[in-house]
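Throughout, numbering of the chain's residues begins at 1 and tracks the sequence.
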Amino acid sequence: MTATEPTEKILPSPDYVQSLARGLAVIRCFDNRNQRRTLSDVARATDLTRATARRFLLTLVELGYVATDGSAFWLTPRVLELGYSYLSSLSLPEVAQPHLERLSHKVHESSSVSILDGADIVYVARVPVSRIMTVGITIGTRLPAYATSMGRVLLAGLPDDELDAYLEKLDIQRLTERTITARDDLKAAILAVRADGICVLDQELEAGLRSMAAPIRNASGLTVAAVNISTPAARYSLEDLHSDLIPSLRVTATDIEQDLATVNR
């Protein structure tokens with residue numbers, strides 16, 4: 001047991017529906033690295049017996065959320081329906097998308113908007129110009145906040161106590177040789193982003209990738225999202241990022257903020 005783990009297991013409430021929780025766990029065990037899984041894979045990933053995992057998988061197949069060839073299982077596009085109600089009620093993606101399109105057209109680079117969810121960022125809007133990462137980025141993609149430019153912007157917007165709690169329980173992985181792995185150094189980098197209002201990340205998430213991000217704030221001044229530009233490291237020097245890309249990024253963040261304020265009046 002680590003220092004950050006609870007000493008006692010928290011029991012679910014009387015209203016907790018275990019079968020629903022297990023079914024959602026089966027859906028969540030599929031991700032970018034595990035798009036196709038065998039029955040044994042699913043059982044192991046969800047800590048279910050093979051028989052239980054099989055029942056959930058076959059139920060999801062009947063409902064159209066999972067497909068199978070008899071030996072492997074994978075999610076179908078129908079799972080997007082599960083998040084549609086949330087996304088359709090969230091004005092941010094709809095507001096941000098045209099601004100991202102203008103930004104990407106102007107700078108000829110990919111741009112995205114994300115929000116913070118737990119320890120991860122979640123992409124809610126995106127305009128890809130070219131694929132520059134080994135992992136494909138789509139709406140709903142999750143990446144570790146500490147190693148992304150948008151994540152550090154979002155973390156910089158947290159109150160001090162929430163930031164400290166995040167850092168205390170964070171499992172830091174060295175994703176590249178440039179990834180900051182010392183907690184004190186990571187906190188210093190996040191606080192620098194808070195002071196600067198911008199984050200430039202140089203190949204910490206993936207070698208050969210640079211990105212820069214700015215906060216999107218609501219009318220109360222709270223950071224609710226982040227917008228970024230990502231580019232191959234060979235295309236721009238760090239100095240060029242500041243002169244050629246970041247000014248347009250700042251303008252886009254301000255424009256999105258203004259439109260959000262109008263929508264939320």
Side-chain angles (χ1 to χ4, degrees), residues 80 82-104 106-107 109-128 137-170 186-201 204-205 211-230 241 245-265:
L80 295 174
L82 300 176
Y84 178 76
S85 295
Y86 169 72
L87 288 174
S88 64
S89 66
L90 185 69
S91 60
L92 175 62
E94 186 176 45
V95 169
Q97 192 66 30
H99 293 288
L100 294 184
E101 291 171 359
R102 285 193 290 272
L103 176 61
S104 291
K106 180 178 181 179
V107 301
E109 301 291 352
S110 300
S111 60
S112 307
V113 167
S114 72
I115 60 174
L116 188 65
D117 183 27
D120 298 332
I121 62 167
V122 180
Y123 284 74
V124 297
R126 178 165 170 79
V127 175
I137 302 295
T138 60
I139 304 303
T141 293
R142 305 175 73 94
L143 292 174
Y146 72 89
T148 63
S149 60
M150 290 189 287
R152 289 193 187 166
V153 163
L154 291 163
L155 293 170
L158 294 176
D160 288 338
D161 57 342
E162 292 185 25
L163 176 59
D164 288 341
Y166 164 85
L167 291 169
E168 182 180 353
K169 61 186 177 183
L170 180 62
L186 179 58
K187 182 175 182 178
I190 293 170
L191 293 180
V193 171
R194 182 185 289 177
D196 296 342
I198 205 80
C199 176
V200 175
L201 205 71
E204 291 191 48
L205 176 66
S211 63
M212 60 236 71
I216 298 172
R217 299 184 175 96
N218 63 16
S220 301
L222 299 177
T223 300
V224 295
V227 56
N228 90 332
I229 298 173
S230 53
L241 294 182
L245 298 181
I246 288 178
S248 296
L249 179 65
R250 289 186 186 273
V251 169
T252 297
T254 299
D255 289 345
I256 294 174
E257 288 176 349
Q258 291 174 346
D259 281 0
L260 279 176
T262 300
V263 168
N264 294 326
R265 281 178 184 170

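Judged by distance alone, with hydrogens and angles left aside, the side-chain atoms of Gln97 form a donor-acceptor pair with the main-chain N or O of Arg126 at under 3.5 Å. Between the side chain of Tyr166 and the main chain of Tyr146, a donor-acceptor pair closer than 3.5 Å is present.
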Please tabulate, for the side chains in residues 246-254, all donor-acceptor contacts under 3.5 angstrom to protein atoms that are two or more places apart in sequence or on a different chain.
| from | atom 1 | to | atom 2 | distance (Å) |
| --- | --- | --- | --- | --- |
| Ser248 | OG | Lys106 | NZ | 3.3 |
| Thr252 | OG1 | Ser248 | O | 3.0 |
| Thr254 | OG1 | Arg250 | O | 3.1 |

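In this structure, the side-chain hydrogen bond (donor to acceptor under 3.5 Å, both in side chains) partners of Ser104, at least two apart in sequence or on a different chain, are Ser111. Arg217 pairs by the side-chain hydrogen bond (donor to acceptor under 3.5 Å, both in side chains) definition with nothing, not counting sequence neighbours. By the side chain to side chain contact (heavy atoms under 4.5 Å, CB included) test, Asp117 is found to be paired with Val122, Arg142, residues two or more places apart in sequence or in another chain being considered. In terms of the salt bridge (Lys or Arg N to Asp or Glu O under 4.0 Å) criterion, Asp196 has no residue partners (sequence neighbours excluded). Legend: residues meeting side-chain hydrogen bond (donor to acceptor under 3.5 Å, both in side chains) with Asp160, ordered by chain and number and at least two apart, are Arg194. With sequence neighbours excluded, the residues that form a side-chain hydrogen bond (donor to acceptor under 3.5 Å, both in side chains) with Ser211 are Ser149.
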(request) May I have the step-by-step check of side-chain contact (heavy atoms from CB on, under 4.5 Å) for Met150 and Leu201, ending in yes or no? (result) CA-CA 9 Å; Met150 290 189 287; Leu201 205 71; over 6 Å; no

(request) In sequence, state the C-alpha distance, the side-chain angles, and the governing distance for Leu170 and Leu186, and then conclude on side-chain contact (heavy atoms from CB on, under 4.5 Å). (result) CA-CA 11 Å; Leu170 180 62; Leu186 179 58; 3.7 Å; yes

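Between Ile137 and Leu143, some side-chain heavy-atom pair lies under the 4.5 Å cut-off. Annotation: side chain of Leu163 is in contact with side chain of Leu191 (closest heavy-atom distance under 4.5 Å).
For the atom pair Thr223 OG1 and Leu116 CG, the distance stands at 10.5 Å (nearest 0.5 Å). Here Leu241 contributes atom CG and Met212 contributes atom CE; the two are 4.5 Å apart, rounded to the nearest 0.5 Å. Atom CG of Asn228 is separated from atom CD1 of Ile121 by 7.5 Å, given to the nearest 0.5 angstrom. Summarising the geometry, atom CG belonging to Leu103 is positioned 8.5 Å from atom CG belonging to Leu245; distances are rounded to the nearest 0.5 Å. Considering CG of Leu260 and CG of Leu92, their distance stands at 5.5 Å, rounded to 0.5 Å. If you take CG on Leu158 and CG on Leu222, they are separated by 10.5 Å, rounding to the nearest 0.5 Å.
Of all the heavy atoms in Val153 and Cys199, the pair that sits closest is CG2-CB, 3.8 Å. Annotation for Ile216 and Ala226: closest pair CD1-C, 4.1 Å, computed over non-hydrogen atoms. The minimum heavy-atom distance between Ala225 and Val113, with the atom names listed, is CB-CG1, 4.1 Å.
The list of salt bridge (charged side-chain N to carboxylate O under 4.0 Å, His left out) pairs with a residue in residues 218-228, not counting sequence neighbours, is empty. Listed by first and then second residue, the salt bridge (charged side-chain N to carboxylate O under 4.0 Å, His left out) pairs involving residues 143-157 are Arg152-Glu204 (not counting sequence neighbours).
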